[in-house]
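Remarks on the structure that follows.
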Amino acid sequence: MSKAGGCRGCGCRVPQRASWSLVAATAALCLVLATSVCTAGAAPMSREEKQKLGNQVLEMFDHAYGNYMEHAYPADELMPLTCRGRVRGQEPSRGDVDDALGKFSLTLIDSLDTLVVLNKTKEFEDAVRKVLRDVNLDNDVVVSVFETNIRVLGGLLGGHSLAIMLKEKGEHMQWYNDELLHMAKQLGYKLLPAFNTTSGLPYPRINLKFGIRKPEARTGTETDTCTACAGTLILEFAALSRFTGATIFEEYARKALDFLWEKRQRSSNLVGVTINIHTGDWVRKDSGVGAGIDSYYEYLLKAYVLLGDDSFLERFNTHYDAIMRYISQPPLLLDVHIHKPMLNARTWMDALLAFFPGLQVLKGDIRPAIETHEMLYQVIKKHNFLPEAFTTDFRVHWAQHPLRPEFAESTYFLYKATGDPYYLEVGKTLIENLNKYARVPCGFAAMKDVRTGSHEDRMDSFFLAEMFKYLYLLFADKEDIIFDIEDYIFTTEAHLLPLWLSTTNRSISKKNTTSEYTELDDSNFDWTCPNTQILFPNDPLYAQSIREPLKNVVDKSCPRGIIRVREESFRSGAKPPLRARDFMATNPEHLEILKKMGAASSIDAEDGLRFMQEMIELSSQQQKEQQLPPRAVQIISHPFFGRVVLTAGPAQFGLDLSKHKETRGFVASSKPYNGCSELTNPEAVMGKIALIQRGQCMFAEKARNIQNAGAIGGIVIDDNEGSSSDTAPLFQMAGDGKDTDDIKIPMLFLFSKEGSIILDAIREHEQVEVLLSDKARDRDPEMENEDQPSSENDSQNQSAEQMLSLSQTVDLADKESPEHPADSHSEASPSDSEEAAGFAPSEQISGSTENHETTSLDGECTDLDNQVQEQSETEEDSSPNVSWGTKAQPIDSILADWNEDIEAFEMMEKDEL
């Protein structure tokens, strides 16, 4: 839409202040663009195959939702490995991630509008009745304002939006009388006390029953919040105001957005990750499009689409220009400093930025969306899932994957924008990976580590709210959906809000009176609805031509051709900058270069900061050189067939599973169970994998005793009853200080809780076969088919569920919550094995573990540094020829002026998502 009122891109005339027509045009042309444009980059997918994949998504949703309702409801979330509900206070605390749980049946509320999108209207009606009957919003529990807003308030509003739509159609919900809206209003008022700050930014947490600051509230002392936490309220709060006529909600959300806008860094137009809610000072001054900021940008643009307020578009365009100027380094999106935006703050990216290509589609900037999406897809093809964080050379940085939906979201929007069947194939890959690696008898389990394929007892509500919604819509034709999806806008949790809200109860001034826009140059903005006729200018291979150069970028893992090199660095005759890996304190020329850094020019200052960052990274890598990567114990016998993967601690002796063929065999308990003397049951462990208990002697001695008895491998189970990776760091078993070359069998370690899974399986099934490897292997398709139950209540499936109810997979990183994952460091060598009797070897993935313990004497563990994060390798630069000196000079004086920057980098090293 142009300022003059003409929609240049779509060729129609829309009045500048048009309400419904404006928003409808924007939604139709910007949110969906056009589905008629189809590139020839991939073979078209037949309608039959699309229907088959759509039905597969429906079956997957039924599997997840049905198991939640059967095993977890009315708890907030399902624990899919133990087949029970997660109730806050009854399970070990996971830190901040538990702040999403409020004892309000979170998964049910988050899934309401998904049921309608998937045409499950009867189930939707039943679900609404359950919410009205069972859900209590007055619990004495401290919850995240951000998560409660997007999941619960958004879920209630999305459910209400589709309930009234169904009621108007006259077939369903005829009894409905805005009950979900009344609950949403009640919850909205419970969240309002969080905004009682001088800045208008909300506290990050609130007690649903007691509010803020009261002694019994147990919250209200926080000083900081993330930008996304404060800036992701306007859609839900404005919708609540427009639905109810109570303007206070929209007013509070606008005030928070206004304050964030005022506090942006004026020279770069970027915002930081964390801000003080009382003073407005930036606490973390790095800026990106991932965790901590992501949905702030999303809501600026979507607030314009939903509410028709030009000020939101002006702000978004200003930020977007800064993002593309500083953060975007196609196809990468790297965090920078808000005050020094030409200096990267990180050399890794987090998984939450996967939403950004979808937002770029909404913006109409298709080329960079295609580039970043393709890069992310290549990472997924390498690791099966998108790791929580990965480096610029595409190695695993944080290995968890909690089944996040952001990549599926961007895939859906890119398909709607391009019509390219390539994105249908991408969606097909996502479906296959979910079923192959994440599906368990009681639902879908998050990945504890994408490198080993181990599971976490977690199925977040957003998995049902978003993943299945986007995947179903990707393959659905218009007639497959019972309402017009283009009449709604998606919130960040994929809840649906009707666009007609733009004309309802509009008592809020559309123009922000607290901000000055005179400094904005409107000539830099696109005031047009994107036109698909010019997105692919007479070239049906346009999208493919953008993707093609990125096809092998992950396998090549070479950031030199990707990361943008600042133009200033190509000064005529300038030498390449000094790299940390090349530095020698005895080299006078190197010391002279250090002296110039930070003093000669701004370019030298940036080189200095980059050098110090590399020094920290180099130190991190060197400290992790001696660590071994995690291993996997996979139960492959009936009725598991590889669906249970336990993460095991490695040994510094015996067969290296990363360099040799994996070991497969049945398990047997040794006698004596501690394995500290000659075994009295050698015939029982001969040719099998021996189970031994930790304690009373060294690990190497246990290994020798079971090896002499003919065992082909050993699993040491912790003797500390109840020990689990949830409460203890993983550690690796060391030798006995002697030569251990005589130990030829693989040895792995399991905590007590994880070891009990195997012991209970033996009691239940007698014959239990496991696979010891460096990474979980693909499941046997033939065995899977044989094991496929004829119904949900099949006794065979029930048996598997009983055994899986005992399982608790080992945390490969540390005992922190998945929202604050630990990092990975050293690389695991690829396995030489190419087959494993029914299990095809999965692709080997780089990375190791955080928070290892090294054990020299059984039972005595020494923590290694668990705060260092893996960083990517820096670019290869040729070094100038130099004369090496021998006289060392102290460099303390050279580095003295850099203390503040060094501390800043060190702080960023410890920052977590």
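All of these numbers come straight from a predicted model, not from anything done at the bench.
Remark: side-chain polar atoms of Ser241 are not paired, donor with acceptor, to backbone N or O of Gly245 under 3.5 angstrom. Judged purely by atom type and a 3.5 angstrom limit, Thr232 has no side-chain atom pairing as donor or acceptor with the backbone of Cys229. For Gln174 (side chain) and Lys167 (main-chain N/O), a donor-acceptor pair under 3.5 Å exists by modelled atom type. Between the Arg84 side chain and the Pro80 main chain, no donor and acceptor come within less than 3.5 Å of each other. Not one N or O on the side chain of Ser111 forms a donor-acceptor pair closer than 3.5 Å with the backbone of Leu464. Judged by distance alone, with hydrogens and angles left aside, the side-chain atoms of Arg86 form no donor-acceptor pair with the main-chain N or O of Glu77 at under 3.5 Å. Distance alone, capped at 3.5 Å, places no donor-acceptor pair between the Asp110 side chain and the Leu106 backbone. Judged by distance alone, the side chain of Asn139 and the main-chain N or O of Val141 form no donor-acceptor pair under 3.5 Å. Using modelled atom types, one side-chain atom of Asn67 and one backbone atom of His63 make a donor-acceptor pair closer than 3.5 Å. Distance alone, capped at 3.5 Å, places no donor-acceptor pair between the Ser410 side chain and the Phe407 backbone.
Rounded to the nearest 0.5 Å, atoms NE2 (His182) and OG1 (Thr244) are 10.5 Å apart. In this structure, SG in Cys442 is found 14.5 Å from OH in Tyr68, a value given to the nearest 0.5 Å. Here the CE-CZ distance, from Met165 to Phe483, works out to 5.0 Å after rounding to the nearest 0.5 Å. To the nearest 0.5 Å, the span separating CE on Met60 from CG on Asn435 amounts to 4.0 Å. The structure places CG of Leu403 at 6.5 Å from CG of Leu434, a figure rounded to the nearest 0.5 Å. To the nearest 0.5 angstrom, Tyr304 atom OH is 9.5 Å from Asp309 atom CG.
Met183 places none of its side-chain heavy atoms less than 4.5 Å from the side chain of Leu187. By the 4.5 Å heavy-atom criterion applied to side chains, Asp113 and Tyr488 are not counted as neighbours. Phe462 is listed as a side-chain neighbour of Arg404, based on a closest heavy-atom distance under 4.5 Å. Leu108 places a side-chain heavy atom less than 4.5 Å from the side chain of Tyr65. Inter-residue side-chain proximity for Leu501 and Phe243 is flagged as met; some heavy-atom pair is nearer than 4.5 Å. Counting heavy atoms from C-beta on, the side chains of Leu300 and Leu257 come closer than 4.5 Å. With a 4.5 Å cut-off on side-chain heavy atoms, Asp138 and Lys190 count as touching. At a threshold of 4.5 Å between non-hydrogen side-chain atoms, the residues Ile206 and Pro193 count as touching.
The two residues Ala256 and Pro202 have their closest heavy-atom pair at CB-CD, 4.3 Å. Of all heavy-atom pairs spanning Ile109 and Val152, the tightest one is CG2-O, 3.7 Å. Between Gly443 and Leu78, the closest heavy-atom pair is CA-CD2, 4.5 Å. Residues Tyr470 and Ala408 approach most closely at CB-O, 4.1 Å, considering heavy atoms. For the residue pair Val361 and Ala417, the shortest heavy atom distance occurs at CG1-CB, 3.6 Å. When all heavy atoms of Ile234 and Ala303 are compared, the closest pair comes out as CG2-CB, 3.9 Å.
No side-chain N or O of Asn384 forms a donor-acceptor pair with one of His401 less than 3.5 Å apart. Under the 3.5 Å distance criterion, with hydrogens and angles disregarded, no donor-acceptor pair is assigned to the side chains of Ser295 and Thr492. Tyr377 and Thr429 share a donor-acceptor pair across their side chains, judged by distance under 3.5 Å alone. Tyr176 and His160 form a side-chain donor-acceptor contact under 3.5 Å, judged by distance and modelled atom types alone. Asn119 and Asp480 are not linked by any side-chain donor-acceptor pair at a separation below 3.5 angstrom, with hydrogens and angles left out of the test. A donor and an acceptor atom, one from each side chain of Tyr437 and Glu432, are nowhere located under 3.5 Å apart. Donor-acceptor pairing under 3.5 Å is recorded for the side chains of Thr121 and His172.
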Evaluate side chain to side chain contact (heavy atoms under 4.5 Å, CB included) for Leu180 paired with Leu112, printing each intermediate quantity in order.
CA-CA 11 Å; Leu180 291 177; Leu112 287 177; 4.3 Å; yes
Could you go through the ring-ring contact (aromatic ring centres under 6.0 Å, His included) check for Tyr299 and Phe312 one step at a time?
CA-CA 9 Å; Tyr299 270 37; Phe312 292 126; over 10 Å; no
Quick one: do Phe61 and Tyr472 satisfy ring-ring contact (aromatic ring centres under 6.0 Å, His included)? Show the steps, please.
CA-CA 10 Å; Phe61 174 82; Tyr472 181 76; 9.7 Å; no
Given Phe356 and His373, is the ring-ring contact (aromatic ring centres under 6.0 Å, His included) satisfied, shown in steps?
CA-CA 9 Å; Phe356 198 67; His373 179 275; over 10 Å; no
Could you go step by step and tell me if Lys122 and Asp126 meet the salt bridge (charged side-chain N to carboxylate O under 4.0 Å, His left out) rule?
CA-CA 6 Å; Lys122 181 181 182 301; Asp126 292 341; 3.3 Å; yes
Test salt bridge (charged side-chain N to carboxylate O under 4.0 Å, His left out) applied to Arg205 and Asp96, step by step
CA-CA 10 Å; Arg205 299 174 185 85; Asp96 290 348; 3.1 Å; yes
Under the side chain to side chain contact (heavy atoms under 4.5 Å, CB included) criterion, do Leu156 and Leu181 qualify, and how do the steps go?
CA-CA 7 Å; Leu156 293 172; Leu181 180 60; over 6 Å; no
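Salt-bridge annotation for Asp460 and Arg458: present, with a side-chain N of the basic residue lying under 4.0 Å from a carboxylate O of the acidic one. Taking 4.0 Å as the cut-off between side-chain N and carboxylate O, Arg88 and Asp99 count as a salt-bridged pair. A salt bridge does not link Lys255 to Glu250: none of the charged side-chain nitrogens sits closer than 4.0 Å to a carboxylate oxygen. A salt bridge between Arg94 and Asp98 is present, with a side-chain N of the basic residue lying under 4.0 Å from a carboxylate O of the acidic one. In this structure, Glu236 does not pair ionically with Lys302, as no charged nitrogen and carboxylate oxygen lie closer than 4.0 Å.
With sequence neighbours left out, the side-chain contact (heavy atoms from CB on, under 4.5 Å) criterion links Tyr252 to Leu192, Phe195, Ile248. Checked against side-chain contact (heavy atoms from CB on, under 4.5 Å), Asp62 has the following partners two or more places apart in sequence or in another chain: Lys120. Under the salt bridge (Lys or Arg N to Asp or Glu O under 4.0 Å) criterion, Glu49 pairs with Lys428, not counting sequence neighbours.
Centroid-to-centroid, the aromatic rings of Tyr415 and Tyr423 stay 6.0 Å apart or farther. Aromatic rings from Phe468 and Phe463 are positioned such that their centres are separated by under 6.0 Å.
Taking the ring axis of Trp175 as reference, the NZ or CZ atom of Arg129 stays within 45° of it and closer than 6.0 Å to the ring centre.
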